[in-house]
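Following this message is one structure expressed as structure tokens.
Only heavy atoms go into these numbers, but all of them, side chains included; no hydrogens, no water, no symmetry mates.
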Amino acid sequence: MADRFFPNEMPDFLAEPPPDAAASESPKDSLTNLFHLPYRTLSDILKSSALDLKETVVRQTCSLGGKRVEDYSLYTGALGTAFLAFKAYQVTKNESDLKLCSEIVKACDSASTGSRRVSFICGRAGVCALGAVVAKHNGDKMLLDRYISKFKEIKLSSDLPNELLYGRAGFLWACSFLNKHIGNGTISTTRMRSVVDEIIKAGRQLAKKGRSSLMYEWHGKKYWGAAHGLAGIMYVLMSTELKPDEVEDVKGTLRYMIKNRFPSGNFPSSEGSESDRLVHWCHGAPGVALTLLRAAEVFGDQEFLQAAIDAGEVVWNRGLLKRVGICHGISGNTYVFLSLYRLTGKVEYLYRAKVFACFLHDRALRLISEGTMHGGDRPYSLFEGVGGMAHLLLDMTEPCEARFPAYEL
């Protein structure tokens, strides 16, 4: 199992030393030296690194000169680069990043026209939703209205799965994203309610013979994780208006997951799995931790916060993965600590986020070039490659505002 991650040899917590103390100490290795920088100095270094990495990602993924986009998805395609450019704009207010984002989205719009994929991360909903938000920032009301109209034209087929990456939850997340960034009511409660009804109905039906309040299946497996299973679907449901009995179903499902986690504190990738190996956003403790933190925030229940803290310990001990991305890599796992910090205010979690981010900044590119670390099947993409690393390092600039891309609202 240890071949999946690097041993975490860092102290559980180190208080940030005063600036004058840092200068008087003897030099250490480059990674440790980063920890001894004042946070603002460190975040500036990480931001500079992220912006350089963003330029590399753009060069490698965006050849828009008359060439049709092949992969328009946020997950591995051009929309992920647009999302990264938008994050860079949010951090630096550089208008060229906003312009670049808009141009990429337009290319993705052309490429995704007629697509039957409906989610934010892998489908047309992501293109239209991000396009609308960028148009709003550009002050282009005509384009904003056009993207929202295109979004409203998206049809959900009756055989659609319920999970986040390709299914109903992924479409519903896009609705919540639009309502947050454009304004409440952009996508009507009636439209969203019809999707919630389908998700709840399917979850109750499959759960009838089991012990969980809700259960879902994707490609023949009852997944638990954020990408295809319970954690992702519960997260999205908690971002909508639920009826009292639906709230109890969500709580009951999360309690079922907590009760049936592994003794290590990690979570199975699917119902009945006995393999305690995966510590990813997509499968395992990281994605479930983010959902439990959302539950603690929405419901105010201490049990969900404590379970998230327990899951965070798994990420700390086994989360320095030999992969770079946000779906199944160190970049994504770092968001667990940022989310814990945002909710609890405890600097120990900011320190842990700093450890993981500094590890990436100091070693990731070298380890990838040596073959010790996996750079992703699509090495410059947002979810598998260094695009996600760049997004994380930009998020370290304002850690209280950090959100896991296309998951945390």
Taking the six-membered ring of Phe6, is the NZ or CZ of Lys322 close enough (under 6.0 Å from the centre) and on axis enough (within 45°)?
->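 Yes, Lys322 sits over the ring of Phe6.
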Decide if atom NZ of Lys180 counts as having more than 12 heavy atoms of other residues, nucleotides or ligands within a radius under 6.0 Å.
-> yes
Say whether, by atom type as modelled, one donor and one acceptor occur between the side chain of Glu217 and the main chain of Lys221 under 3.5 angstrom.
-> no
Evaluate the side-chain proximity of Tyr39 to Met396: yes if any heavy-atom separation is below 4.5 Å, no if none is.
->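 Answer yes - side chains close enough.
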Can Asp276 and Arg318 be said to form a salt bridge (charged side-chain N to carboxylate O under 4.0 Å, His left out), step by step?
-> CA-CA 11 Å; Asp276 181 4; Arg318 292 164 52 189; 3.2 Å; yes
Does NZ or CZ of Lys354 come closer than 6.0 Å to the centre of the six-membered ring of Phe35, within 45° of the ring's axis?
->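 Not satisfied by the 6.0 Å and 45° rule.
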Inspect the contact between Arg352 and Glu348 and indicate whether a charged nitrogen and a carboxylate oxygen are less than 4.0 angstrom apart.
-> no
Does Ser48 use its side chain to pair, donor to acceptor, with the backbone of Ile45 at less than 3.5 Å?
-> no
Looking only at atom types and distance, does a side-chain atom of Arg342 sit under 3.5 Å from a main-chain N or O of Ala402, one as donor and one as acceptor?
->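 Here the side-chain-to-backbone pair exists.
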Could you check Arg204, Arg193, Lys251, Lys201 and say which one makes a salt bridge (charged side-chain N to carboxylate O under 4.0 Å, His left out) with Glu246?
->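 The passing option is Arg193.
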Quick one: are Leu360 and Met373 in side-chain contact, heavy atoms under 4.5 Å?
-> yes
Taking atom types as modelled and ignoring hydrogens, do the side chains of Asn179 and Asn184 form a donor-acceptor contact shorter than 3.5 angstrom?
-> no
Chi angles and distances behind the salt bridge (charged side-chain N to carboxylate O under 4.0 Å, His left out) call for Arg294, Glu297 | CA-CA 5 Å; Arg294 179 65 175 167; Glu297 200 172 20; 3.6 Å; yes
May I have the step-by-step check of side chain to side chain donor-acceptor pair (under 3.5 Å) for Trp218 and Asn162, ending in yes or no?
-> CA-CA 8 Å; Trp218 189 74; Asn162 292 287; over 6 Å; no
Within a strict 4.5 Å, meaning less than it, do heavy atoms of the Tyr147 and Val133 side chains meet?
-> no
Lys/Arg N to Asp/Glu carboxylate O, Asp3 vs Arg277, below 4.0 Å = no
Backbone of Ala88 reached by a side-chain donor or acceptor of Thr92 within 3.5 Å |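 Looks like yes, one N/O pair under 3.5 Å.
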Asp140 pairs by side-chain contact (heavy atoms from CB on, under 4.5 Å) with which of His137, Lys136, Met142?
->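 Among His137, Lys136, Met142, the one that satisfies the side-chain contact (heavy atoms from CB on, under 4.5 Å) with Asp140 is Met142.
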Check step by step if ring-ring contact (aromatic ring centres under 6.0 Å, His included) holds for Phe356 and Phe337.
-> CA-CA 9 Å; Phe356 275 35; Phe337 305 124; 5.1 Å; yes
Salt bridge Lys259-Glu303, side-chain N to carboxylate O under 4.0 Å =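 Glu303 and Lys259: not salt-bridged.
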With Phe171 as reference, evaluate Tyr166, Phe120, Phe151 under the ring pair (Phe, Tyr, Trp, His ring centres under 6.0 Å) test and give the passing residue.
-> Phe151
Flag the pair Phe404 / Ile326 as yes when at least one side-chain heavy-atom distance between them is below 4.5 Å, and no otherwise.
->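 A side-chain contact exists here, since the closest heavy-atom pair is under 4.5 Å.
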Return yes if a side-chain donor-acceptor contact under 3.5 Å exists between Arg124 and Ser112, otherwise no.
->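 A pair is found: one side chain offers a donor N or O, the other an acceptor, under 3.5 Å apart.
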Between Tyr335 and Asp395, is any side-chain donor less than 3.5 angstrom from a side-chain acceptor?
-> yes
Taking atom types as modelled, find out whether Arg40 and Ser43 have a side-chain donor-acceptor pair closer than 3.5 angstrom.
->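 Checked: Arg40/Ser43 side chains pair up, N/O donor to acceptor below 3.5 Å.
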Is it the case that Thr56 and Arg59 place a side-chain donor and acceptor less than 3.5 Å from each other?
-> yes
Give a yes-or-no answer on whether the side chains of Ser264 and Asn266 include a donor-acceptor pair shorter than 3.5 Å.
->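 No, because no side-chain N or O of Ser264 sits under 3.5 Å from a partner of the opposite role on Asn266.
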Please determine, by modelled atom types, if Glu313 and Asn317 share a side-chain donor-acceptor pair under 3.5 angstrom.
-> no
Kindly give the heavy-atom pair with the smallest separation between Phe383 and Ala406, and that separation in Å.
-> CZ-CB, 4.3 Å
Look at atom CZ of Arg211 and say whether more than 12 heavy atoms of other residues, nucleotides or ligands are closer to it than 6.0 Å.
->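 Counting other residues, nucleotides and ligands, CZ of Arg211 stays at 12 neighbours or fewer.
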Side-chain heavy atoms of Leu305 within contact of Thr344, under 4.5 Å =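 Of all side-chain heavy-atom pairs linking Thr344 with Leu305, at least one is under 4.5 Å.
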N/O donor-acceptor pair under 3.5 Å between Ser188 side chain and Gly185 backbone =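 Not confirmed, Ser188 side chain does not pair with Gly185 backbone.
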Side-chain donor/acceptor of Trp173 to backbone N/O of Leu164, under 3.5 Å =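 Not confirmed, Trp173 side chain does not pair with Leu164 backbone.
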Any donor-acceptor pair under 3.5 Å from Thr291 side chain to Ala231 backbone = yes
Value for SG (Cys101) from CG (Leu130), rounded to nearest 0.5 Å, stands at 4.5 Å
Hey, are Asp29 and Thr32 close enough side-chain-wise for a donor-acceptor pair under 3.5 Å?
->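 Side chains of Thr32 and Asp29: pair found under 3.5 Å.
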To the nearest 0.5 angstrom, please state how far the CG atom of Leu392 sits from the CG atom of Asn333.
-> 10.5 Å
To the nearest 0.5 Å, how far apart are SG in Cys400 and CG in Leu343?
->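 So the SG of Cys400 and the CG of Leu343 are separated by 11.0 Å.
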Any donor-acceptor pair under 3.5 Å linking the side chain of Ser273 with the backbone of Ser269?
-> no
Taking the six-membered ring for Trp and the full ring for Phe, Tyr or His, determine whether the centres of Tyr216 and His228 are under 6.0 Å apart.
->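 They do not qualify: ring centres at least 6.0 Å apart.
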Taking atom CD of Glu241 as the centre, does the number of heavy atoms from other residues, nucleotides or ligands within less than 6.0 Å exceed 12?
->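 No, because the 6.0 Å sphere around CD of Glu241 holds 12 heavy atoms or fewer from other groups.
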Step-by-step side chain to side chain donor-acceptor pair (under 3.5 Å) determination, Glu408 to Ser339 | CA-CA 9 Å; Glu408 293 185 286; Ser339 193; 2.9 Å; yes
Audit row: Glu95, Lys99, salt bridge (charged side-chain N to carboxylate O under 4.0 Å, His left out) steps and yes/no = CA-CA 6 Å; Glu95 295 287 338; Lys99 181 182 178 184; over 6 Å; no
Donor-acceptor contact below 3.5 Å, side chain His374 vs main chain Gly376 | yes
Would Lys87 count as a cation-pi partner of Tyr89, with NZ or CZ less than 6.0 Å from the six-membered ring centre and within 45° of the ring normal?
->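 Checked: cation-pi criterion not met.
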Taking atom CG of Leu365 and atom CG of Leu53, what is their separation to the nearest 0.5 Å?
->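 It comes to 6.0 Å.
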Do Cys122 and Leu74 have side-chain heavy atoms sitting under 4.5 Å apart?
-> no
What is the ring orientation for Tyr223 with His283, classed by angle as parallel under 30°, tilted 30 to 60°, or perpendicular over 60°?
->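 If you compare the ring of Tyr223 with that of His283, the planes turn out tilted.
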Do Lys54 and Asp97 come close enough that some side-chain heavy atom pair is under 4.5 Å?
-> yes
Would you check, one step at a time, whether the test ring-ring contact (aromatic ring centres under 6.0 Å, His included) holds for Tyr341 with Tyr349?
-> CA-CA 5 Å; Tyr341 173 63; Tyr349 294 121; 8.4 Å; no
Side-chain ion pair, Glu153 and Lys150, N-O less than 4.0 Å = no
Find the distance between CG (Asn138) and CG (Leu144) and round it off to the nearest 0.5 Å.
->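 The CG atom of Asn138 sits 10.5 Å away from the CG atom of Leu144.
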Close side-chain approach of Ser157 and Arg116, heavy atoms under 4.5 Å =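 Ser157 reaches Arg116 side chain to side chain.
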Sidechain-backbone polar pair: Glu384 side chain, Gly325 backbone, donor-acceptor under 3.5 Å | no
If you measure only the distance, is there a donor-acceptor pair under 3.5 Å linking the side chains of Thr81 and Thr61?
-> yes
